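Keep in mind the model is a prediction, meaning the values are calculated, not measured. Below, chain A is the first sequence line, B the second, and so on; all start at residue 1.
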Protein chains: 2
Amino acid sequence: MTYETALTALAEPTRRALFERLRRREHSVGELAALARISQPAVSQHLRSLRRARLVTHRQVGTRRYYRADRQGLDELRSYLESMWDDVLIAFAAADPAPPKPRKTK
Amino acid sequence: MTYETALTALAEPTRRALFERLRRREHSVGELAALARISQPAVSQHLRSLRRARLVTHRQVGTRRYYRADRQGLDELRSYLESMWDDVLIAFAAADPAPPKPRKTK
DNA sequence: TGCTTATATAAGCCATGACTTATGAAACGG
DNA sequence: CCGTTTCATAAGTCATGGCTTATATAAGCA
């Protein structure tokens, strides 16, 4: 059920940009806020959303919190898409041989 | 670049429900509108969004339009997530051996 | 203990987008 | 042709959510 949260989290462009920045290495909130063009609170709000989706985790060092990408949310999203993909393939295989015929208006 | 459109298209619950219904077999707009609890125009608007994201295609039979899932948009989204996944794994492998140390406040 | 730094939360504003009803456009049937 | 069916588009309403500024929390340092 987390894949829904992950989908909506990654759909937002600014939030996706944050996540893409975290996918390689961890960043503190301040670093992220400095790079993005939005305020620090806005960044924190996005991070909360990403946290809930299990797309990021953080660890605390002094007053700073270092965020990094988390596999969980990404993996749930991935497996959701896999199942969609499989169904679509099966549907194609089943439908192609015999395309449905026009029907009379009831 | 289409993966962005696909993400925002699938993020919306009603639209995702429509797509999930189409993943197995095709449906006419009327069928979809009858099953969903929203008006037919609302369904058409969602279908337009899914079309732009290459998540569905349609064929016309008389006055009806039968929609089915399309592989393109789904595949673009899938490969986007794959690349994210790969980066995250690499970052984990690189970071785990030597977790960054606390730094003094500048 | 107070001052500073770093981040989170609160409250309010405003644009986006998901819905509605009304209408237009196309194809079929009589 | 003309009415009916099916779908798309238009226009307008309203809620959601992403942003802002202001403030709370909390840790380090003198």
Exercise for review: Would you indicate, yes or no, if dA27(C) has its OP1 or OP2 atom less than 4.0 angstrom from a side-chain nitrogen or oxygen of Thr63(B)?
Suggested key: no
Review point. Any salt bridge between Arg21(B) and Glu31(B), counting N to O under 4.0 Å?
Key: no
Review point. So does Arg54(A) have more than 12 non-hydrogen atoms from other groups sitting under 6.0 Å from CZ?
Key: no
Practice item. Kindly point out which of dT7(C), dT20(C), dT20(D) is positioned nearest to the side chain of Pro41(A)? Key: dT20(D)
Review point. Among dC7(D), dA10(C), dA27(D), which nucleotide sits nearest the side chain of Ser28(B)?
Key: dC7(D)
Check your understanding: Rounding to a whole Å, what distance do you find between Gln40(B):CD and dT4(D):P?
Key -> 18 Å
Exercise for review: Name the residue closer to the 5' end of DNA chain D, choosing between Ala42(A) and Gln60(A) according to the nucleotide with the nearest heavy atom.
Suggested key: Ala42(A)
Point to revise | Side chain proximity check, Tyr80(A) to Leu7(A), heavy atoms < 4.5 angstrom | key: yes
Revision key, fill the gap. One would report the end-axis bend of the helix from dT1(C)-dA30(D) to dG30(C)-dC1(D), five pairs per end and rounded to 10 degrees, as 20°
**Study point:** Arg59(B) CZ to dA27(C) C1', straight-line distance once rounded to whole Å
**Key:** 16 Å
Revision key, fill the gap. Residues in residues 12-19 of chain B with a heavy atom under 4.0 Å of DNA chain C, by number, are Glu12(B), Thr14(B), Arg15(B)
Exercise for review: Would you indicate, yes or no, if dA8(D) has its OP1 or OP2 atom less than 4.0 angstrom from a side-chain nitrogen or oxygen of Tyr67(B)?
Suggested key: yes
**Study point:** salt bridge (charged side-chain N to carboxylate O under 4.0 Å, His left out) partners of Glu82(A), counting only residues at least two apart
**Key:** Arg78(B)
Check your understanding: Where do Trp85(A) and Leu81(A) land on the side chain to side chain contact (heavy atoms under 4.5 Å, CB included) test, with the steps shown first?
Key -> CA-CA 6 Å; Trp85(A) 178 259; Leu81(A) 284 187; over 6 Å; no
Exercise for review: Can you tell me the distance, in whole Å, between the CZ atom of Arg64(B) and the P atom of dT6(D)?
Suggested key: 5 Å
Practice item. Flag the pair Asp87(B) and Arg24(A) as a salt bridge only when some basic side-chain nitrogen lies within less than 4.0 angstrom of an acidic carboxylate oxygen. Key: yes
**Study point:** Residue pair Arg37(B), Thr14(B): steps toward the side chain to side chain contact (heavy atoms under 4.5 Å, CB included) verdict
**Key:** CA-CA 9 Å; Arg37(B) 290 196 207 151; Thr14(B) 307; over 6 Å; no
Exercise for review: Nearest whole angstrom, please: distance from the C1' of dT20(C) to the CD1 of Ile38(B).
Suggested key: 11 Å
**Study point:** Any N/O donor-acceptor pair, Gln45(B) side-chain to dT20(C) base, under 3.5 Å
**Key:** yes
Practice item. Rounded to the nearest angstrom, tell me the gap between atom CG in Leu47(B) and atom P in dT9(D). Key: 11 Å
Practice item. Taking all heavy atoms of Arg51(A) and all of Ser44(A), pick out the closest pair and write down the distance. Key: NH2-O, 4.4 Å
**Study point:** Between P of dT25(D) and CZ of Arg48(A), the distance in whole Å
**Key:** 15 Å
Practice item. Quick one: closest heavy-atom pair of Arg23(A) and Ala69(A), and the distance? Key: CA-CB, 3.9 Å
Exercise for review: Figure out the NE2/C1' separation between His46(A) and dT20(D), and round it to whole Å.
Suggested key: 12 Å
Exercise for review: Check the distance between dC19(D)'s P and Leu32(A)'s CG and give it to me in whole angstrom.
Suggested key: 14 Å
Exercise for review: Might you work through the side chain to side chain contact (heavy atoms under 4.5 Å, CB included) test for Phe19(A) and Leu74(A), ending with a clear yes or no?
Suggested key: CA-CA 11 Å; Phe19(A) 174 74; Leu74(A) 206 54; 4.0 Å; yes
Practice item. Indicate whether OP1 or OP2 belonging to dT20(C) is found under 4.0 Å from a side-chain N or O atom of Ser39(B). Key: yes
